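Letters A, B, ... mirror the listed sequences (proteins, then strands); counts begin at 1. Small disclaimer: the values here were computed from a predicted structure and weren't measured.
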Amino acid sequence: MSETLEIKETKSSDFIREIIDNDNETGKHAGRVATRFPPEPNGYLHIGHAKSICLNFGIAKQYGGTCNLRFDDTNPCKEDTEYVDSIMSDVRWLGFDWQDRMYYASDYFEKLYNYAVELIKLGKAYVCDLNAEQIREYRGTLTEPGKNSPYRDRSVEENLDLFQRMRNGEFPDGTRVLRAKIDMASSNMNMRDPAVYRIRHAHHHRTGDKWCIYPMYDFAHCLSDSIEAITHSICTLEFEIHRPLYDWYLDVLKVKDHPQQIEFARLNLTYTVMSKRKLLQLVTEKHVTGWDDPRMPTISGMRRRGYTSEAIRKFCELIGVAKADSTVDVSLLEHCIREDLNRRSQRVMGVLRPIKLVIDNYPEGKTEELDAINNPEDSDAGYRKVTFSRELYIDSEDFMEEPPKGFYRMSPGKEVRLKAAYYVTCTDVVKDGQDNITEIHCTYDPETKGGTSNDGRKVKGTLHWVNASDCIDAEVRLYGPLFKSVNPSAVEDFLTDINPCSLQVLKNCKLEKSMAGGQAGYTVQFERLGYFCVDQDSSDDKLVMNRTLPLKDTWAKVSQKS
RNA sequence: UGAGGCGUAGCCAAGUGGUAAGGCAUCGGUCUUUGGAUCCGACAUUCCCUGGUUCGAAUCCAGGCGCCUCAGCCA
């Protein structure tokens with residue numbers, strides 16, 4: 001018996017964990033496991049980052065190791081403290097804790113400078129006076145080797161002097177660059193004397209104007225990993241070709257800790273743009289209200305839309321980690337959200353497109369308090385009271401005067417159940433001059449209180465409803481996918497791909513009175529309609545709900561077929 | 001056309017010489033006071049292709065084909 005339990009609890013392994021297991025067996029890092037999540041603070045975190053966060057923190061937890069949060073802030077032009085704040089809050093919300101291990105690459109600027117000086121002394125770096133365009137010409141192409149810079153053979157002394165003067169601010173941007181002296185004929189373009197430091201007279205979000213030279217990613221990243229004694233530096237596939245350079249810097253500088261870079265495939269999702277550049281464009285050009293717009297694939301957007309961190313973590317676990325490029329179907333994400341929300345969310349009745357329902361044989365002025373179950377998936381969730389009276393609202397989509405076959409909600413002469421209340425039968429409709437239905441009339445069977453008949457009579461449809469006199473008015477925002485294309489990253493002009501119908505605002509929606517005072521972030525399931533989350537824009541006199549996800553609508557499929 | 005990676009179902013993904021896990025999606029059916037959820041069932045004679053080795057190949061070998069990444073003083 002315990003055997004099956006163990007099998008059930010076995011963690012799914014992946015190739016990264018295999019590498020770590022192997023390292024632990026051979027004692028490569030003395031059994032230590034240290035990872036890091038290293039975002040550049042130049043935008044908000046999105047669902048793609050969640051995969052990396054879950055991976056890095058998950059591995060650290062599994063092996064009893066540590067995971068650092070490190071801001072890779074080596075390019076002052078793009079970075080901002082607004083982004084570091086949002087990143088910290090999103091990582092926490094996802095449920096991960098870096099404890100006291102929060103670092104910045106900019107913390108290491110002095111050390112990195114000294115490493116660069118060391119490189120020069122070793123004869124492995126030189127100051128190059130070529131401009132950007134010339135460097136590109138000298139670099140050669142994928143099929144032709146590059147040629148050496150005329151400045152490649154400067155003396156160590158001259159290089160040291162020039163590099164010091166670069167730091168002192170004696171040269172304008174773009175006039176000189178420190179380069180690693182490797183091999184201009186390398187088949188790997190990254191090894192053709194890559195830049196190590198560039199001049200940028202720019203204000204840095206943390207170091208201010210202290211520096212006017214900044215290290216490049218390849219130089220700063222491997223050394224930051226080494227300084228923090230990271231054992232496994234996990235990154236995405238596009239850095240695979242940088243690994244020889246990662247190792248070159250660490251080998252040449254003979255550092256004590258030499259982490260291993262491991263690459264995995266980044267997350268792509270159908271119908272979802274993950275490019276930070278494009279997401280930034282959506283924000284700055286105001287196609288969305290901000291980084292946390294519920295249509296955005298950002299962590300904060302998803303949170304505002306009512307996605308839970310548990311569900312996002314589950315998703316990251318299910319998609320797996322491999323080296324093959326892949327595009328996960330967004331239906332898997334939605335499945336994870338539904339599974340979680342179905343288990344935990346309060347059921348509430350809501351009417352998006354209200355139409356008056358009058359029960360003619362129900363006494364005027366009478367009201368009843370009926371018990372409605374809070375969550376059939378959770379036996380501890382209990383019941384709540386809903387008021388019932390002669391005048392109610394139902395959703396206009398739940399009534400058809402001439403129903404097609406297969407429709408089993410309300411239509412003239414057909415008996416249906418009002419959830420948790422009574423069986424009712426439509427007797428009449430009232431119309432205005434334009435043939436629009438303004439009111440539906442019905443009769444109820446007093447013997448069916450609670451929604452069951454004691455003569456065993458069954459009913460096919462169950463409608464949700466709210467009491468007309470004490471329901472809550474709300475604005476409901478229906479969010480669809482922001483993008484229509486299956487793979488928007490492949491679309492050159494992605495803005496043409498934004499779905500203009502992706503946000504539909506419904507005013508005058510009616511919710512049952514239990515929704516009064518709902519706090520932002522409170523997620524419920526409106527019976528039959530989907531999952532909804534109280535938006536942060538809600539106030540005491542205006543309830544704003546975001547639709548997290550619709551329920552799977554089987555009726556829609558039935559009607560499509562016929 | 002250089003180098004480095006990667007090809008298992010509609011989408012992810014296990015599998016590492018012993019006869020193709022699992023999840024999503026889809027399609028049936030059951031149940032239901034949500035047309036949701038639940039439950040039950042179906043869904044790769046074959047792993048990019050072609051040869052070879054072997055009693056036996058998705059796994060090993062050879063040769064093809066396809067896709068991704070790299071020519072920033074971005075990360």
Side-chain angles (χ1 to χ4, degrees), chain A residues 12-14 38-40 42 72-75 77-79 128 130-132 135-137 139-146 173-179 186-192 194-200 213-214 216-218 220-221 235-244 263 265 267 270 276-277 315 317-336 338-339 342-343 347 349 372-373 376-377 406-409 417-421 450-452 459-464 486 525-531 550-559:
Chain A
S12 63
S13 66
D14 53 59
E40 181 186 14
N42 67 345
D72 215 343
D73 55 350
T74 56
N75 183 359
C77 310
K78 291 180 166 182
E79 298 151 7
C128 182
L130 259 23
N131 64 34
I135 285 182
R136 196 183 323 123
E137 284 162 10
R139 187 155 29 228
T141 68
L142 293 176
T143 51
E144 306 155 36
D173 289 3
T175 52
R176 282 178 228 265
V177 63
L178 183 72
R179 291 228 260 168
S186 172
S187 52
N188 182 343
M189 300 295 287
N190 292 289
M191 301 297 273
R192 319 245 263 227
V196 180
Y197 267 86
R198 77 285 210 181
I199 302 171
R200 277 269 191 293
I213 56 171
Y214 292 92
M216 299 290 294
Y217 164 84
D218 288 299
H221 202 93
C235 64
T236 45
L237 245 30
E238 65 267 30
F239 293 105
E240 200 156 32
I241 199 144
H242 292 244
R243 191 175 355 130
E263 309 85 9
L267 173 66
T270 53
K276 258 196 203 173
R277 204 203 99 237
F315 170 72
E317 182 189 318
L318 289 185
I319 55 178
V321 178
K323 293 194 72 162
D325 291 317
S326 62
T327 301
V328 176
D329 197 308
V330 74
S331 67
L332 179 58
L333 208 212
E334 295 182 342
H335 161 79
C336 293
R338 282 200 185 90
E339 187 180 60
N342 179 55
R343 184 171 47 78
R347 268 57 172 176
M349 289 195 281
I373 190 165
E377 312 294 323
F407 181 85
Y408 48 86
R409 278 115 98 181
R417 171 168 44 228
L418 294 177
K419 188 175 170 74
T452 47
V459 108
K460 202 86 189 275
T462 300
L463 305 195
H464 48 150
V486 174
Q525 186 193 106
F526 289 164
E527 301 280 2
R528 292 263 300 281
L529 296 176
Y531 298 99
L551 252 30
K552 289 190 182 174
D553 194 345
T554 310
W555 163 246
K557 285 178 196 161
V558 170
S559 45

Of the candidates A14(B), C70(B), A75(B), the side chain of Met189(A) sits closest to C70(B)
Between G2(B) and C60(B), how far apart are the two P atoms, rounded to whole Å?
25 Å
Given G5(B), C12(B), U34(B), identify the nucleotide with an atom nearest to the side chain of Ser326(A).
C12(B)
Whole-Å gap separating P (G35(B)) and OH (Tyr408(A)):
6 Å
Confirm from the modelled atom types if Glu527(A) and U34(B) form a donor-acceptor pair under 3.5 Å, side chain to base only.
yes
Thr270(A) side chain to Val330(A) backbone, donor-acceptor under 3.5 Å:
yes
Nearest-nucleotide check on RNA chain B, Thr554(A) vs Ser187(A); residue mapping nearer the 5' end is Ser187(A)
Between Arg136(A) and Asn131(A), is there a donor-acceptor pair closer than 3.5 Å when you use the side chain of the first and the backbone of the second?
no
Lys557(A) side chain N/O closer than 4.0 Å to the phosphate oxygens (OP1, OP2) of U26(B)?
yes
Categorize Phe239(A) for me: base, sugar-phosphate, or nothing, with a 4.0 angstrom heavy-atom threshold over every strand shown.
base
Give a yes/no on whether any side-chain N or O of Arg198(A) is located under 4.0 angstrom from OP1 or OP2 of C74(B).
yes
Identify the two heavy atoms, one from Arg347(A) and one from Ile373(A), that lie closest to each other, and give their separation to 0.1 Å.
CB-O, 4.2 Å
What about the rings of Trp555(A) and Tyr408(A), do their centers lie closer together than 6.0 Å?
no
Does a nitrogen or oxygen in the side chain of His464(A) sit under 4.0 Å from OP1 or OP2 of U34(B)?
no
Counting side-chain heavy atoms from CB outward, which of G5(B), C73(B), C24(B) is closest to Glu240(A)?
G5(B)
Is it true that Lys276(A) and Glu40(A) make a salt bridge, defined as a side-chain N closer than 4.0 Å to a carboxylate O?
no
Side chain of Phe407(A): nearest nucleotide among G35(B), C70(B), C6(B)?
G35(B)
Counting side-chain heavy atoms from C-beta on, which of G36(B), A75(B), C73(B) comes nearest to Arg200(A)?
C73(B)
Side chain Asn342(A) and base G36(B) donor-acceptor under 3.5 Å
yes
Please tell me if Ser186(A) has a side-chain N or O lying less than 4.0 Å from either OP1 or OP2 of A3(B).
no
If only atom types and distance count, is the side chain of Thr236(A) paired as donor or acceptor with the main-chain N or O of Glu238(A) below 3.5 Å?
no
Taking atom C1' in both G66(B) and C55(B), what distance in whole Å separates the two?
34 Å
In the structure shown, which nucleotide is the Watson-Crick or G-U wobble counterpart of A57(B), with both distances under 3.5 Å?
none
Is any side-chain N or O of Arg139(A) closer than 4.0 Å to OP1 or OP2 of G72(B)?
yes
Looking only at U34(B), A25(B), C73(B), the nucleotide nearest the Arg528(A) side chain is U34(B)
Find the distance Ile319(A):CD1 to C24(B):P and express it as a whole number of Å.
15 Å
If the P atom of A58(B) is compared with that of C39(B), how far apart are they to the nearest Å?
34 Å
Can you tell which of G35(B), A71(B), U34(B) lies closest to the side chain of Arg409(A)?
G35(B)
Identified pairing partner of A25(B), criterion: Watson-Crick or G-U wobble below 3.5 Å:
none
Base partner of C67(B), which must satisfy Watson-Crick or wobble distances under 3.5 Å:
G5(B)
Which of G23(B), C12(B), A75(B) is nearest the side chain of Thr327(A)? It is C12(B)
Worked verdict on Ser331(A) versus Asp329(A) for side chain to side chain donor-acceptor pair (under 3.5 Å)
CA-CA 5 Å; Ser331(A) 67; Asp329(A) 197 308; 3.1 Å; yes
Take atom CG of Asp553(A) and atom P of A37(B), then tell me their distance rounded to the nearest Å.
11 Å
For a quick test of reading the model: is some side-chain N or O of Lys552(A) closer than 4.0 Å to OP1 or OP2 of A25(B)?
yes
Please determine whether any donor N or O and acceptor N or O are separated by less than 3.5 Å between the side chain of Glu238(A) and the base of G4(B).
no
Anti or syn - G72(B), cut at 90° from 0:
syn
Earlier contact from the 5' end, RNA chain B, for Arg136(A) and Asp218(A):
Arg136(A)
Would you find a donor on one side and an acceptor on the other, under 3.5 Å apart, between the side chain of Arg338(A) and the backbone of Tyr531(A)?
no
So Ala132(A), base contact, sugar-phosphate only, or nothing? Heavy-atom distance under 4.0 Å.
base
Pick the C1' atom in C24(B) and in C6(B), then give their distance to the nearest Å.
23 Å
For Val330(A), which contact category applies under a 4.0 Å heavy-atom criterion: base, sugar-phosphate, or nothing?
nothing
How many Å lie between CG on Leu142(A) and P on G5(B), as a whole number?
16 Å
For U38(B), give the paired nucleotide (Watson-Crick: N1-N3 plus N6-O4 or O6-N4; G-U: N1-O2 and O6-N3; both under 3.5 Å), or none.
none
Can you tell me how far C1' of G5(B) sits from CG of Asn190(A), to the nearest Å?
14 Å
Whole-Å gap separating P (G36(B)) and NZ (Lys460(A)):
11 Å
Selected nucleotide, minimal atom distance to His242(A) side chain, candidates C73(B), A75(B), U26(B)
A75(B)
Pick the C1' atom in A9(B) and in A25(B), then give their distance to the nearest Å.
11 Å
